[in-house]
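Everything on this sheet refers to the single structure shown next.
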Amino acid sequence: MRSVILAVLLASIGIPSVAKGQSFPDRPIRLVVPFAVGGTLDVIGRPIAEAFQGIIGQPLVFEHRAGANGTIAADFVAKARPDGYTLLFAVSGPVTVAPSLMAALPYDPQRDLVPVSYLVNMPNALFAAGNTVGQDLAGVLAAGRAQPGRISFGYPGPGSQGHLAMTLLSQATGTDWLGVSYRGASQALNDMVAGTVALTFTTYATTRGLMADGRIRPIAVASNRRTAAMPDVPTFAELGYPNVQVPLWVGVMAPRGTPDAVVNGLHETLIAAVTSPPVRQLMDSLGADVTAQGPAPFGEMIREDFVRWAEVIRRGNIRAD
């Protein structure tokens, strides 16, 4: 009787019964995170996971598999059993950037992964350490032009959003910077606070605790509009560089072959979680826009993103280490 009641409740919110006498999910679901603990994905993902469990009755368990710009995690999910119990917390790195960055990618994102839900979108911004370089974008660019190839910026690996954002800035302004690669954004921020590197591109979600005492300063937002989290910080578009736009999109993908009913059920539950009032309120405070889109529009966005980054990588002659 309990399994019948559970199946009816799950069906009412879009989660299908995958076999007679068995409802999906009947055990925890793993959400494979492609980067180290403590980054933006943790900040925005944990509350979504909590809301998800409250709706579905099963935990969404984070499993961090960092390395190779997220491709280790994506490859793991691409080769996982397509039953809905192993999902990828997807961002651009392993999905739309890696195919242009790596010559021998062990999976094909468009063939081996299917979109489930496009959850949120948040802009990256350029941050400077303490009193280093300039006080605004004009000052930063002046310093860069005066010392080409000498002012350092930290980024979480080749082809990461931080790396591509600085490449875009270099292409738009004719400047040259000294790149320092890290395993994650949190490590780059630690070295910024210590004074080892001067600049980085990252999100407000990972820097809000460091801005209060002036250890790092926002310079400009890589978007076409300002973010509510930092309303006084101008955008690159406002400052004359409209092509410097680097949104962090976050979604969930599953191995190809996952039944459509399972994909659609997961999508309905994820959207209910991310649009729940507490989660939406938190996303607003982090400057994240809740997109809440399904498999078809998410897939179209992924295809467009792939084309955009392929051109940036080609022009920047970027290669994975």
Side-chain angles (χ1 to χ4, degrees), residues 34-44 66 69-70 91-93 97 122-144 147-173 175-223 227 229-230 233-236 239 241 244-248 250 286-288 309 312 316 318 321:
F35 299 109
V37 175
T40 302
L41 292 185
D42 272 9
V43 175
I44 67 175
N69 195 27
V91 292
S92 61
V97 172
M122 61 196 314
N124 282 273
L126 177 64
F127 292 88
N131 294 317
T132 60
V133 294
Q135 295 300 305
D136 55 16
L137 182 60
V140 169
L141 295 180
Q147 303 178 68
R150 296 180 59 187
I151 296 178
S152 60
F153 74 95
Y155 61 94
S160 64
Q161 287 211 318
H163 189 197
L164 294 177
M166 210 65 185
T167 300
L168 274 176
L169 182 61
S170 296
Q171 291 174 354
T173 61
T175 51
D176 184 26
W177 311 89
L178 175 63
V180 182
S181 179
Y182 294 85
R183 284 185 60 83
S186 57
Q187 291 91 338
L189 289 171
N190 288 339
D191 271 11
M192 282 186 70
V193 171
T196 304
V197 294
L199 300 166
T200 194
F201 270 93
T202 189
T203 64
Y204 171 78
T206 58
T207 58
R208 52 183 178 160
L210 300 173
M211 288 192 290
D213 58 5
R215 285 181 288 176
I216 67 170
R217 299 174 290 106
I219 300 297
V221 179
S223 175
T227 172
M230 300 184 294
V233 181
T235 68
F236 280 98
L239 299 173
Y241 304 101
V244 184
Q245 295 190 33
V246 191
L248 170 65
V250 181
L286 296 174
W309 289 124
V312 173
I318 302 172
D321 289 343

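Numbering starts at 1 and runs along the sequence shown.
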Is there side-chain contact between Gln171 and Val312, with at least one heavy-atom pair below 4.5 Å?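 Yes - at least one pair of side-chain heavy atoms lies under 4.5 Å apart.
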Does any non-hydrogen side-chain atom of Pro34 lie less than 4.5 Å from one of Leu41? yes
What distance do [X] atom [atom1] and [Y] atom [atom2] have between them, rounded to the nearest 0.5 Å?
{"X": "Asn69", "Y": "Phe35", "atom1": "CG", "atom2": "CZ", "answer": "5.0 Å"}
{"X": "Phe127", "Y": "Ile216", "atom1": "CZ", "atom2": "CD1", "answer": "5.5 Å"}
{"X": "Leu199", "Y": "Ile219", "atom1": "CG", "atom2": "CD1", "answer": "7.5 Å"}
{"X": "Leu137", "Y": "Leu239", "atom1": "CG", "atom2": "CG", "answer": "5.5 Å"}
{"X": "Leu141", "Y": "Ser170", "atom1": "CG", "atom2": "OG", "answer": "9.5 Å"}
{"X": "Leu178", "Y": "Gln147", "atom1": "CG", "atom2": "CD", "answer": "11.0 Å"}

Verdict with supporting geometry, Thr227 and Val233, side chain to side chain contact (heavy atoms under 4.5 Å, CB included): CA-CA 8 Å; Thr227 172; Val233 181; over 6 Å; no
If the condition is ring-ring contact (aromatic ring centres under 6.0 Å, His included), which residues does Phe236 pass it with, not counting sequence neighbours? Phe201
Of all residues at least two apart in sequence or in a different chain, which pass the ring-ring contact (aromatic ring centres under 6.0 Å, His included) check with Phe153?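 Phe153: ring-ring contact (aromatic ring centres under 6.0 Å, His included) contacts with Tyr155.
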Might you point out which heavy atoms bring Tyr204 and Ala229 nearest each other, and give the distance in Å? CD2-CB, 3.5 Å
Between Gly287 and Pro123, the two heavy atoms sitting closest are O-CD, 3.6 Å
Going through the checks in order, is the side chain to side chain contact (heavy atoms under 4.5 Å, CB included) test met by Ile44 and Met122? CA-CA 10 Å; Ile44 67 175; Met122 61 196 314; 4.1 Å; yes
Under the side chain to side chain contact (heavy atoms under 4.5 Å, CB included) rule, what do Leu164 and Trp309 come out as? Steps first, then yes or no, please. CA-CA 8 Å; Leu164 294 177; Trp309 289 124; 3.7 Å; yes
Go through Ser223 and Thr235 one step at a time and tell me if the side chain to side chain donor-acceptor pair (under 3.5 Å) criterion holds. CA-CA 6 Å; Ser223 175; Thr235 68; over 6 Å; no
Ser152 side chain to Ala198 backbone, donor-acceptor under 3.5 Å: yes
If only atom types and distance count, is the side chain of Thr207 paired as donor or acceptor with the main-chain N or O of Thr203 below 3.5 Å? yes
Validation: residues 186-193 side-chain donor-acceptor distances under 3.5 Å, sequence neighbours left out:
unit_1: Gln187; atom_1: OE1; unit_2: Gly184; atom_2: N; d: 3.2
unit_1: Asn190; atom_1: ND2; unit_2: Ser186; atom_2: O; d: 3.4
unit_1: Asp191; atom_1: OD2; unit_2: Tyr182; atom_2: OH; d: 2.6

List the residues meeting side chain to side chain donor-acceptor pair (under 3.5 Å) with [X], not counting sequence neighbours, and say none if there are none.
{"X": "Asn124", "answer": "Gln161"}
{"X": "Arg217", "answer": "none"}
{"X": "Thr173", "answer": "Thr175"}

Using the side chain to side chain contact (heavy atoms under 4.5 Å, CB included) rule, take Arg208 and Leu286 through it: C-alpha gap first, then chi angles, then the decisive distance, then the call. CA-CA 9 Å; Arg208 52 183 178 160; Leu286 296 174; 3.5 Å; yes
